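We count ligands from 1, going down the list as the structure has it; atoms in each ligand are counted the same way. The shown structure was predicted, so the numbers you read here are calculated from the model rather than taken from an experiment.
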Amino acid sequence: AETERGRLAAIIAHAPVGIVIAEAPSGRIVRGNAMVERILRHPVLHSPDTGAYDEWVAFHPDGRRVEAREYPLARALAERRPVGPLEFLYQKGDGSRGWVQISGAPIRDSQGEVVAALAVLEDIDADKRAAQEREHLLRAIEVERLRLREVFEKAPAFMAVLRGPEHVFELVNPSFFQLVGHREILGRPVHQALPEVEGQGFFELLDRVYRSGEPFFGQEMPVRLQREPGAPREERNVDFVYQPMRDAEGRVTGLIAHGVDVTDQVRARRALEETSRAKSDFLATMSHELRTPLNALLGYLDLLDLEIAGQLSRAQRDQVARSRTAALHLLQTIEEILTFSRIETGGEQPRYAPVDLGLLVREAAALLEPLAREKGLAYQVEVPPAPLVLRTDAAKLRQVLLNLLSNAVKFTDRGEVRLRLQASPADAGACLQVCDTGIGIAPEALPRIFEPFWQVEQSTARRVGGTGLGLSVVRRLATLLGGEIRVQSEPGRGSCFEVELRVES
Ligand code: ADP
């Protein structure tokens, strides 16, 4: 019995769990092993070899202080039955706190009398903290999930999650229902959920994205939907993306479709385009209506001038000449409006042919020269000696030049107007420059002069006349011919317009 007790003592001393033994009925601790002291970080036994758990400081999981009689060791003695395991937050000897699990059991003698109790202590702090951490993480994930859910639910964009090669609707947000109308969607493959979309190309796109793993971006795509049973199909326009969803191995397992219904914007823009087209059509018709009688007027003036119906007095001849000038000016203005509206409606297409630019420049310059001379301006035309031939549209280029030249003459009271043609060696194109020493353009006005109907100053415009269309026609024509127009100007010193023409291949 003595050796057996010694062996038992050795087992207790080296057990990998904390063991404490208290004697009955006093409850005094009579034995505690090294592990207990490791866990609790203070000695369990006082000299002379006794201890008491009423010195222990611990807390229940709900934060209540553990009373001496609540320890499993004390309870096992008092209740004469096994207790626990229970978890306590233990205040350790070094001041730190840690979770400890304690179970208690009574020890009986051969007559069944409770003679002592035994408690087993385990340090569960790491497990407990890991569990807490896990719970914390799970809660954070849940919060995150709810937030995403909210975004999904409240998004003005429509979203749908489709699973598998059949594109089964797994998740759909309210905006999606708003687009397609309220119907049975969840759990159904797309061709069942949206049967009227069959044949509109969308299912093929879904298949393609699913197979290739490449996302698809659609813009203003028209889709005809039957938003209510029995209702006629309605066309909506959508900007959307089909994006593949992949599993951990990178395999495509489904798709996310999301986008916005842009029907209203598309309709508004179409209406605007229509209005704009109607406006241009009206301008064109009006110009025709004006041009016809004006041409008749000019014809009759010619007849008068030819004195077929009788001789004119000097005063009458003079008046006929003035009428002619006025009528011609009016005709020019109408032509400008006509060209502008033709460009606006896209009715102006370039007709390319090889053009001798030197010749074209000299001809255009000659037309404006009398006006410049009349104002007492020097007039210079610089053309390279070698012929410079470019494929372009002669009539349109001539109009560009005439508009720039007439502006130069119009806005210059002294000094000179210079027209220069140069070959640009870099891209085998050509560069045309129209420079003047006129009133110039304020820097803040420069960016706006190419806008239609825009004039630097209403009073200036009234003094010199003009529609405000010249430069916008110039820029549109230049762009149409693949060219680029630039301007440099300094108020009071003059302006320089430059048209860069590239070779049309
Ligand atoms: P407009 O029929 O009035 O000449 P444009 O579109 O040709 O219309 O020109 C717009 C405005 O740009 C003009 O009203 C004028 O204020 C300014 N502008 C154009 N060319 C010149 C220039 N060579 N010198 C000074 N101002 C100019």
Side-chain angles (χ1 to χ4, degrees), residues 280 283 286-287 290 325-344 348 361 364-365 367-382 396-421 431-481 483-500:
S280 296
L283 266 169
M286 276 311 288
S287 301
L290 292 170
T325 311
L328 275 173
H329 179 75
L330 193 54
L331 192 62
Q332 220 173 12
T333 306
I334 291 166
E335 289 295 348
E336 200 163 72
I337 296 173
L338 206 59
T339 312
F340 174 75
S341 67
R342 261 205 313 271
I343 298 175
E344 281 290 275
E348 197 82 321
V361 162
L367 281 175
L368 267 296
E369 183 153 6
L371 260 177
R373 296 265 177 247
E374 217 170 276
K375 290 184 82 175
L377 302 173
Y379 198 72
Q380 281 198 43
V381 182
E382 290 172 35
K396 295 194 174 50
L397 193 55
R398 186 176 300 120
Q399 177 133 33
V400 166
L401 271 181
L402 287 178
N403 282 4
L404 290 177
L405 276 173
S406 69
N407 273 348
V409 172
K410 196 159 73 174
F411 295 106
T412 306
D413 290 329
R414 59 179 161 275
E416 64 165 4
V417 167
R418 195 171 60 223
L419 172 59
R420 179 196 276 165
L421 168 68
C431 176
L432 286 157
Q433 267 183 351
V434 178
C435 298
D436 63 56
T437 56
I439 59 170
I441 302 159
E444 65 273 14
L446 267 185
R448 306 206 56 191
I449 56 172
F450 293 104
E451 292 173 19
F453 309 111
W454 202 88
Q455 298 175 316
V456 166
E457 202 179 289
Q458 218 49 45
S459 59
T460 326
R462 232 175 281 124
R463 184 158 54 81
V464 296
T467 55
L469 284 175
L471 284 179
S472 74
V473 165
V474 163
R475 181 159 72 177
R476 278 155 214 240
L477 285 178
T479 313
L480 203 64
L481 297 178
E484 208 181 302
I485 182 152
R486 282 185 293 270
V487 57
Q488 281 186 327
S489 186
E490 208 179 310
R493 308 207 62 152
S495 316
C496 231
F497 288 81
E498 197 175 272
V499 182
E500 185 90 46

Engineer: Does Phe497 reach the side chain of Val474, with side-chain heavy atoms less than 4.5 Å apart?
Structural biologist: no
Engineer: I'd like to check Asn403 versus Leu477 (side-chain heavy atoms, cut-off strictly below 4.5 Å). Are they in contact?
Structural biologist: no
Engineer: Are any of the side-chain heavy atoms of Arg476 and Thr339 separated by less than 4.5 Å?
Structural biologist: no
Engineer: Can you find an N or O of Leu471 that's nearer than 3.5 Å to an N or O of ligand 1?
Structural biologist: yes
Engineer: Judging by distance only, is a nitrogen or oxygen of Lys410 under 3.5 angstrom from one on ligand 1?
Structural biologist: yes
Engineer: Quickly, which of Glu498, Gln380, Glu382 forms a side chain to side chain donor-acceptor pair (under 3.5 Å) with Arg420? Name it, please.
Structural biologist: Glu382
Engineer: Check for a donor-acceptor pair, side chain of Asp436 on one end and backbone N or O of Val417 on the other, with a separation under 3.5 Å.
Structural biologist: no
Engineer: Give the atom numbers and elements of ligand 1 that come within less than 4.0 Å of a heavy atom of Leu469.
Structural biologist: 6 (O), 8 (O)
Engineer: What I'd like to find out is whether the side chain of Leu368 reaches to under 4.5 Å of the side chain of Tyr379, using heavy atoms alone.
Structural biologist: yes
Engineer: List every atom of ligand 1 that sits less than 4.0 Å from any heavy atom of Gly470, numbering the atoms from 1 in the order shown and giving each element.
Structural biologist: 5 (P), 6 (O), 7 (O), 8 (O)
Engineer: Report yes or no: does a heavy atom of Gly438 sit under 4.0 Å from some atom of ligand 1?
Structural biologist: no
Engineer: Looking only at non-hydrogen atoms, which of Phe340, Phe411, Phe497 approaches atom 25 (C) of ligand 1 most closely?
Structural biologist: Phe411
Engineer: Please compare Asn407, Thr333, Leu404 and report which has the shortest non-hydrogen distance to atom 7 (O) of ligand 1.
Structural biologist: Asn407
